[in-house]
Structures are given as C-alpha cells and as structure tokens.
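Only one structure is covered here, and it is reproduced in the block below.
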Amino acid sequence: MFPAGNVSLRTVSSSRPQLFRTESQQSAAASDDYYSLSSRTSATRSASGGSRATVVRYATPNSHPISRNSSPAVSRTLLAPPSAVPRNEQNPSIPAEQRDTFVTNIDSTTQSDEKRDTHLISFDGAGGEAVRDSYAGREPTPGVDDSPYIRFAISQLTREGEAGHPRRSSESGSESTPTGHLLWDGTLGHFVRAVTPPTQQQQQLPPERSPQDSVDPEAFVPVNDPPEGNLIYPPLDFVPIPLRPWALGIVILCVLLMIAGIAFSNVWSQDNQGIWGYNGRSGARYFVVQFLPQILGIIITISTFVVQAAVYRVMPFAIMGSERPLEKVLQGLPIVPKNFLLPDLSHIIHGEALVGFSLFTIWLSNISAVPLLSCYYQVKWASINGEGGWRWAAVEAIGWTLVAVYGLLTLGLTILMLRFLRTWSGLMWDPVCLADLITVIQRSNVLPDFDYSETAFNVGKTLKSRVLRLGYWQLSKGRHPEIFYGIGEDGGTVGNPSLHLVAKNRREHLSKVSFDAEKRGAVGKEDSQDIYSPTVRYRWTPWFLRKPFVIAWIVILCGLFIAFVIVSFVNNAVEDGFLPRLSTRPSSSAFSSSNFLFSFIPALIGNFLFLAWQHIDTYFRALQPYVMLSSPDGASAEQSLLLAYPSLLPFEVTIAAVLNRHYKVAWISLISVVSCALPILAGGVFIALTYPENEIRVTPLMPAFYAIVVFCAVYMASFLAIWPGRYRYLPHDISTLADQMSFLYQSPLLSDKLLREPRSKTDLVTRLVIAPPGDQEYPRYGFGIYVGRDGTEHLGIDRYSRPGRADMLITTGSMK
C-alpha cells in the first residue's frame with residue numbers, strides 16, 4: 001500500500017530500461033530532496049529526436065489535494081522498500097490494485113518492436129501533472145559505477161522526518177550509466193545489478209523491514225559498576241529513614257520492652273496474687289492499669305504505620321534495583337498503604353514472601369493488640385498474709401497471647417531490617433512525590449507500553465509482564481558510552497515514542513487542545529477512551545470515598561451516634577450502671593467474663609474506627625498533588641509535583657498542610673491521629689462494681705465517658721469533610737507505579753532540559769522552584785489535556801503553558 005499520493009504506470013513499452021544519473025549541485029547533507037523522473041530540456045535531446053530519462057530534483061507543492069506524502073511515495077516506489085502505513089492514512093481515491101502494488105516492473109517484453117522507441121511514464125504527483133519522457137535506445141558511458149548514487153537516493157528516502165520537510169528543486173546535466181537490471185539486496189540494504197540479463201530473471205520485490213530495526217537498533221545494557229568517586233554517578237543504595245537499621249531498631253526495642261513488661265506482669269501477678277491493691281476508680285493506679293497499656297500499644301501501632309508506608313513506596317523500586325526476576329512490579333505492587341482493616345497480601349503474591357509476612361505481622365498487631373491490652377488487667381479477690389482484698393491482677397491467658405502477637409511483630413520487623421540492610425535499592429533518594437517518579441522514567445524503554453493507558457480503567461491489565469531493572473544503563477550501539485539512570489528492560493530497544501510509536505487507535509478527530517464542555521456534556525453516549533469525555537475524566541475515586549458511600553457513612557454514623565447518646569443519658573442509664581448479664585466472678589487467673597466483654601468489645605469498635613480512618617487519610621494525602629494540578633490555572637511545583645504528604649510523620653502532615661493551605665488534608669490527617677483516643681478510652685471506661693444489696697453493675701468512669709462522646713461527635717462530623725469534590729476524581733486508580741506513569745509517559749516533562757538527570761533531591765527541588773532561563777514567571781503545572789511528545793493529545797501531567805503550544809485544557813474549571 002502506498003503511504004500517500006497516486007502513483008501509477010500508464011504506458012510502458014520498453015524491454016530494456018536504462019538508468020541515468022545527474023550530478024547535483026546541492027549539498028546532500030542539507031537537502032531533503034528526493035528523486036523523480038522528469039523530461040530533459042530541448043538542449044539535451046539527441047539528434048534522432050529521442051530523449052533520455054533523467055534523474056533530477058523535484059519540488060513538491062506544500063499542499064496536495066489527495067495526500068501530504070505523495071512525493072516520498074514515488075521515491076520509495078522507484079528506489080527503496082515499502083514502509084507500513086496506518087490504514088487511516090491511505091488515500092481512498094487510489095484503486096485497491098494500485099495500493100497493493102509496491103514496485104512496478106518496468107521490464108516489459110510484450111511490447112511490439114515498432115513501439116520500442118516511444119515510452120510514456122506518468123506519475124500523478126503533487127501537482128497532478130504527468131511527466132512524460134521518451135528516449136531512443138543508446139549505450140551509456142561504460143565503466144561507471146552507479147552504486148554511490150543509488151545509496152544516496154536510498155539514504156534520502158530513509159532519512160528521519162523526511163515527510164515533514166519541504167523539497168527544493170534543481171536541474172543539472174546527466175551522464176549515461178551502464179545498462180543493467182537492478183535487484184534489491186536485503187542483506188546489503190540497497191539495489192545491486194543483476195548478473196543475468198533482465199529478460200531471463202524476474203525483478204524481486206524488496207523485503208519489508210521494520211522501522212524499529214532500521215531506525216533504532218540500540219538496546220539497553222545494564223551498567224553494574226559505574227565510575228566510583230564520581231558525583232555524577234552516586235551509589236544506588238539509598239534507604240528511607242524509617243527502614244534504616246537504627247530506626248527499625250528503635251521500633252523493635254519498643255516492642256521488646258512491651259513484651260518484657262507483659263511477661264513481667266504475668267510472672268509477678270502469679271507469684272504475688274496480683275500487681276497491687278485496688279483503691280477505686282480514681283487516682284494513678286486506675287490510669288496505669290486501664291489506659292496506659294492502650295496508650296503504649298497505640299504508640300507502637302503509629303510507629304508501624306510509618307514503617308509500612310516506607311515499605312509500600314520503596315518496595316517496587318527495591319525489587320527492580322536488586323534485579324529480582326519478578327514480573328508485574330509496576331502494575332502489581334501498590335505504593336499506597338492498604339494494610340489497615342484487612343491484610344494486604346500483594347507482596348506475597350508477587351514474590352516478596354518475607355516482606356509480605358512482615359506486613360502481615362504488622363496488621364495482626366494493629367488489629368488485635370490494643371483491644372487485648374484494654375482487658376489485660378482486671379480486679380480479683382486475693383488473700384495476702386491472711387487479709388483478703390481486691391487487687392489488680394494480670395490475666396495470664398491474655399498476657400501470653402500479647403507476647404505471641406508482639407513476638408511475631410518483632411520477627412517481622414527484624415526481617416525488614418535484614419531486607420534493607422546494606423541493600424542495593426536502586427534509589428538515589430526517597431521517592432516520595434511525582435517529581436521523583438519523573439527522574440526514574442525519563443529515558444525508560446517501557447514507556448511505549450503505556451500507549452493511551454491514561455484513559456484505561458485498569459492500567460495493569462493493558463501492560464505486558466516484564467522483568468524490569470532500576471539502575472544505570474548504556475546504549476548497546478552508542479558512539480559515546482553515555483551512562484544514564486532509570487527504569488528499563490535489559491536488552492529492550494530504546495523505543496523513543498516520538499519516533500517509533502504508531503498508535504493503534506489514533507485519534508484523528510482530535511486536533512488542537514480545544515473543548516466546549518457544555519456541548520460535549522450534551523452528547524449522548526461517549527467513548528470510554530475519549531480524553532475529552534467527562535465520564536472518563538471523572539470516573540474514579542476510592543470506593544469508600546464515592547458520594548453514595550460517603551452519604552451512607554454519614555447517615556449510619558449519625559444514626560449510631562444519636563442512638564448511643566439517647567441510650568446513655570436517658571434516665572441516667574449509663575451513670576447509674578447496668579446489669580452485666582454475664583458472670584462477673586473472676587477466676588484464679590483474674591479472668592472475668594463481664595470485665596473482658598465490656599473492655600474488649602468497646603476497644604475493638606474504637607480500634608475499627610481508628611484503622612478505618614487511616615484508609616481515608618492515606619488517599620487524601622496521595623490525591624492532594626492531583627487536586628492541585630487540577631486547578632483551572634494549574635499549580636506551582638511546591639504545591640503539586642513536590643508534595644510528599646504520604647511520607648510525612650503524624651502531626652507533621654497537619655503542620656505542612658496548614659502551611660500550604662490544604663486545610664482538608666490537615667484536618668483529616670489530624671483526625672487520623674486524634675481518633676486513636678477512641679480505643680484508648682473505650683477499653684478502660686467500664687468496670688464491674690458491687691452496689692448496695694450485693695448487686696453487681698457495670699459502671700463507667702464518667703469523665704472518660706464524656707470524653708468518648710465528644711470524640712465520637714468529632715469523628716462523625718469529620719465525615720462531612722471527606723466529601724469528594726470534582727478535583728479528587730481521576731480516570732483511574734493511582735495506587736501503583738503503572739497507574740501514575742500512565743499520566744506521565746508522553747509528558748514533555750520527561751524531556752524537559754530543566755529536569756534532565758538530576759543527581760540529588762536538592763538538585764531536583766532547585767530546578768523545579770526556579771524560573772527557567774528566559775522566563776520571568778515561575779512555571780505552573782496542571783493535570784489535563786496536553787500535546788504529548790508524539791504530537792498527539794493526551795490526558796495527564798505537564799506544564800500548564802509552553803511556548804509555541806496551546807495552554808493545557810483543564811476541565812475542572814469549565815465544567816460545573
């Protein structure tokens with residue numbers, strides 16, 4: 001099939017074609033001209049009235065009524081093998097039999113002898129004119145090799161970007177060349193002269209060659225030993241602070257101290273009939289046995305939140321940095337923590353069993369430790385030195401269960417310490433923001449896999465399974481052995497999408513970035529892959545943050561809170577105590593069914609609410625950069641690409657968000673810590689007491705109970721703050737590296753000179769916060785429709801405004 005133009009052979013009446021050459025006076029290196037057949041001037045015609053076919057420079061008009069690339073089609077038909085052209089670029093006016101013909105055999109033996117003197121070759125070129133020529137057979141100058149001229153013509157045809165440059169015309173004289181039949185040699189890559197006469201050998205069709213093989217044969221070769229002592233190539237062994245041995249050692253030490261305290265309480269309580277005497281519901285002793293254990297447990301829980309957040313964001317890079325043969329690292333491993341209410345087994349599924357086991361031990365301790373600690377100390381009757389009395393004692397069964405839970409947690413944290421001890425993580429610094437992701441995918445050879453994945457609902461299903469590596473690379477056939485850094489596939493070709501990527505579903509109906517939101521919204525059924533479709537743009541948010549679920553949470557929590565207040569305060573139902581309806585008598589090991597139930601169950605409910613809020617907080621932190629990028633006028637780098645809320649410590653997030661005026665994130669992050677008061681207070685507020693007339697009732701500590709009511713009211717009202725606005729909706733999830741790369745794979749930010757290969761986080765931040773050379777304003781960045789490096793439109797992240805291009809289209813401001 002012809003890529004463009006209408007080329008046809010009208011009349012051929014020669015059995016012995018001849019090839020003539022012309023000397024060009026133009027520079028071959030600076031010209032994008034191609035060859036065509038044209039008539040000679042009258043001064044060069046022979047005495048017999050015939051004419052020679054002369055190879056001359058031909059000028060193609062800038063506009064063509066049929067196609068943009070007609071002239072290259074003529075050249076390729078004469079001199080070079082065909083190239084594949086997308087179906088939507090074919091000219092429908094060309095007959096099918098002509099589109100299916102790549103090379104025309106001009107060696108004809110069926111013409112009569114009396115017509116050999118006259119030949120008519122017609123090409124429907126750019127101007128639609130027929131170039132006619134006739135010649136009389138005469139012998140050319142013998143002994144002249146024409147192969148350099150043929151190679152020159154082929155090189156002109158295969159030059160990169162040929163179709164996009166204007167052609168210049170020139171004419172010059174010609175010299176005769178030896179006659180002969182030219183055949184395509186696929187091994188040599190050019191035409192050669194046949195040994196046998198053309199009448200005894202058929203002309204061969206040139207073999208098809210892949211543009212990828214002919215233009216970009218270079219492949220990625222890993223560099224395991226970059227130059228040492230060179231600041232340009234720093235060692236790739238960075239480990240985030242929470243995963244360093246001393247930081248994990250502090251957390252492990254806290255867990256071991258908790259184990260030691262629990263074991264000591266068990267042994268001491270058994271040997272001494274309790275810990276100490278009971279002196280009522282006030283004073284320091286009540287606080288120590290009813291609230292302090294939960295507080296210590298919450299401290300360990302929050303510490304593990306920080307550790308597992310670091311594990312999630314680093315683990316995909318660490319796997320690629322260690323060159324483990326694991327597939328689906330980009331699309332399989334989440335970078336947003338999910339190990340709160342339910343255990344996340346994704347690391348076990350994708351080959352990191354030890355890390356997955358560590359995360360499971362963290363989940364087990366977080367879900368069970370605080371409720372068990374709330375009922376660990378109970379009151380029992382004991383006799384010491386002949387005197388009986390009520391004493392606080394440790395419940396042995398609960399104590400040893402806690403020792404097992406925290407023992408597993410210690411093992412899991414130790415495994416993490418060993419995993420990241422002297423590890424080759426492949427990282428220069430902590431990848432905490434979108435700008436960090438840009439630095440590792442700038443020159444990746446897997447970006448072509450993301451073709452139009454920004455509109456896919458599930459990016460992971462659209463990608464191939466590849467074994468990837470993070471580190472230093474070289475190109476296999478580079479003239480200069482340049483070393484660069486990033487994610488790549490060993491042996492994979494460079495695959496620059498701006499040169500070699502041909503979109504399978506090319507959006508020919510999209511032109512410049514322009515959009516009428518109201519008209520588009522009035523269209524009936526929209527394309528599920530259309531970047532302009534509001535359905536695609538605002539399709540996804542976490543299921544628990546979707547508007548129907550948020551409404552359901554608010555209604556349910558309001559109903560439960562109102563019922564809780566009514567039942568608690570009507571007729572002083574709680575203050576006067578209530579019957580336990582369970583056995584209250586403690587056993588010899590101090591276990592009491594009623595005390596266990598009214599401590600463990602309230603603490604478990606409070607812990608559930610506490611852990612449930614962590615999912616909300618995690619996604620609000622991760623989504624905030626996209627919220628700022630979706631502002632109608634974009635956002636600065638500090639407010640978008642450099643935001644790193646998921647990596648900050650508790651309370652640090654709140655302070656940073658307040659300073660950035662991200663008040664919703666600040667409040668939600670504050671509640672994620674403050675809500676830990678619910679399991680702490682709920683686990684120690686109730687205790688069974690004996691009232692007059694030997695009646696046993698479960699009675700609350702009223703100051704603590706009032707505090708619980710206040711915290712429940714704040715928790716319920718905070719659900720009003722999680723209402724997801726339009727800015728928090730995206731085309732798909734952002735929980736994996738592949739999800740976030742789909743918004744960057746065609747972004748000009750990857751080829752931006754200001755961001756090219758920074759060698760430290762300070763270097764990267766400095767480049768982003770300063771104005772580019774020649775610009776007086778600081779650049780702003782947005783999330784919307786932009787023109788990508790391949791020249792087509794994409795949905796994702798780029799500078800809001802670039803010289804010579806239309807501003808990014810951000811529909812959050814145009815759609816109400």
Side-chain angles (χ1 to χ4, degrees), residues 237-259 295-319 321-322 333-348 350 352-370 402 405-423 425 427 429-433 436 607 610-611 613-615 617-619 621-622 644-653 669 672-673 676 735:
D237 56 356
F238 180 88
V239 175
I241 292 178
L243 299 180
R244 294 179 184 177
W246 64 267
L248 284 174
I250 293 176
V251 179
I252 293 174
L253 178 61
C254 293
V255 178
L256 292 176
L257 291 175
M258 178 68 78
I259 293 174
I295 293 176
L296 297 178
I298 285 294
I299 292 175
I300 294 177
T301 297
I302 294 177
S303 301
T304 59
F305 287 169
V306 177
V307 171
Q308 74 176 8
V311 171
Y312 271 89
R313 70 174 178 267
V314 168
M315 206 61 228
F317 298 102
I319 292 175
S322 61
L333 289 179
I335 57 176
V336 177
K338 300 181 178 181
N339 200 42
F340 298 112
L341 281 179
L342 297 175
D344 182 18
L345 305 178
S346 58
H347 292 80
I348 297 178
H350 291 91
E352 281 287 343
L354 293 179
V355 175
F357 171 77
S358 301
L359 293 176
F360 176 79
T361 61
I362 291 175
W363 170 83
L364 182 63
S365 66
N366 292 344
I367 200 72
S368 61
V370 172
L402 284 168
V405 170
Y406 280 122
L408 288 174
L409 177 60
T410 303
L411 179 60
L413 294 175
T414 304
I415 291 175
L416 283 181
M417 178 188 292
L418 296 176
R419 173 64 178 80
F420 291 98
L421 183 64
R422 295 182 180 180
T423 184
S425 63
L427 292 171
W429 60 80
D430 197 356
V432 296
C433 60
D436 298 326
N607 198 45
F610 168 62
L611 294 178
W613 194 264
Q614 305 308 312
H615 289 280
D617 176 45
T618 297
Y619 269 94
R621 294 195 204 182
Y645 289 147
S647 64
L648 300 182
L649 299 175
F651 295 117
E652 184 183 4
V653 181
S669 180
S672 69
V673 181
C676 71
S735 61

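Computed from a prediction, not measured in an experiment: that's the story for all the values here. Start at 1 with the first residue, then count along the sequence.
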Output all residues satisfying salt bridge (Lys or Arg N to Asp or Glu O under 4.0 Å) with Asp344, sequence neighbours left out; order by chain, then residue number.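 Partners of Asp344 by the salt bridge (Lys or Arg N to Asp or Glu O under 4.0 Å) criterion come out as none, since no residue qualifies.
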
Atom [atom1] of [X] and atom [atom2] of [Y]: how far apart are they, to the nearest 0.5 Å?
{"X": "Thr618", "Y": "Trp613", "atom1": "OG1", "atom2": "CH2", "result": "12.0 Å"}
{"X": "Phe305", "Y": "Leu611", "atom1": "CZ", "atom2": "CG", "result": "5.0 Å"}
{"X": "Leu364", "Y": "Leu409", "atom1": "CG", "atom2": "CG", "result": "9.0 Å"}
{"X": "Ile298", "Y": "Ile295", "atom1": "CD1", "atom2": "CD1", "result": "9.5 Å"}
{"X": "Tyr406", "Y": "Leu413", "atom1": "OH", "atom2": "CG", "result": "11.5 Å"}
{"X": "Cys676", "Y": "Ile302", "atom1": "SG", "atom2": "CD1", "result": "5.0 Å"}

Determine the minimum heavy-atom distance between [X] and [Y], stating which atoms define it.
{"X": "Ala369", "Y": "Leu402", "value": "O-CD2, 3.7 Å"}
{"X": "Gly297", "Y": "Val370", "value": "C-CG2, 4.0 Å"}
{"X": "Ile367", "Y": "Phe340", "value": "CD1-O, 4.5 Å"}
{"X": "His615", "Y": "Lys338", "value": "CE1-O, 3.7 Å"}
{"X": "Tyr312", "Y": "Asn339", "value": "OH-CB, 3.5 Å"}
{"X": "Ser358", "Y": "Gly412", "value": "OG-O, 2.9 Å"}

Validation row: [X], [Y] side chains within 4.5 angstrom (heavy atoms):
{"X": "Arg419", "Y": "Ser322", "answer": "yes"}
{"X": "Phe420", "Y": "Leu248", "answer": "no"}
{"X": "Cys254", "Y": "Ser303", "answer": "no"}
{"X": "Trp246", "Y": "Ile241", "answer": "yes"}
{"X": "Asp436", "Y": "Asp430", "answer": "no"}
{"X": "Val653", "Y": "Arg621", "answer": "yes"}
{"X": "Pro646", "Y": "Arg313", "answer": "no"}

Go through it in stages, so that I can follow the logic: the residues are Leu411 and Thr361, the test is side-chain contact (heavy atoms from CB on, under 4.5 Å), and I'd like the CA-CA distance, side-chain angles, deciding distance and then a yes or no. CA-CA 8 Å; Leu411 179 60; Thr361 61; 6.0 Å; no

Just by distance, no angles: are the side chains of Thr304 and Asn366 close enough, under 3.5 Å, to form a donor-acceptor pair?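 Yes.
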
Non-neighbouring partners of Ser425 that pass side-chain hydrogen bond (donor to acceptor under 3.5 Å, both in side chains), sequence neighbours left out: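 Partners of Ser425 by the side-chain hydrogen bond (donor to acceptor under 3.5 Å, both in side chains) criterion come out as none, since no residue qualifies.
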
So, the side chain of Asp617 versus the backbone of Ser672: is there a donor-acceptor pair under 3.5 Å, distance only?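 Side chain of Asp617 to backbone of Ser672, a donor-acceptor pair under 3.5 Å: no, none is there.
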
Would you confirm whether Arg244, through its side chain, and Val239, through its main-chain N or O, come within 3.5 Å as a donor-acceptor pair?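 Checking the backbone N and O of Val239 against the side chain of Arg244, a donor-acceptor pair under 3.5 Å is found.
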
Kindly determine whether His347 and Phe360 satisfy ring pair (Phe, Tyr, Trp, His ring centres under 6.0 Å), including the steps that lead there. CA-CA 10 Å; His347 292 80; Phe360 176 79; over 10 Å; no

Partners meeting side-chain contact (heavy atoms from CB on, under 4.5 Å) with Ile348 (sequence neighbours left out):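 Residues passing side-chain contact (heavy atoms from CB on, under 4.5 Å) with Ile348: Leu345.
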
Pair Ile252, Met417 - check side-chain contact (heavy atoms from CB on, under 4.5 Å), show working. CA-CA 10 Å; Ile252 293 174; Met417 178 188 292; 3.7 Å; yes

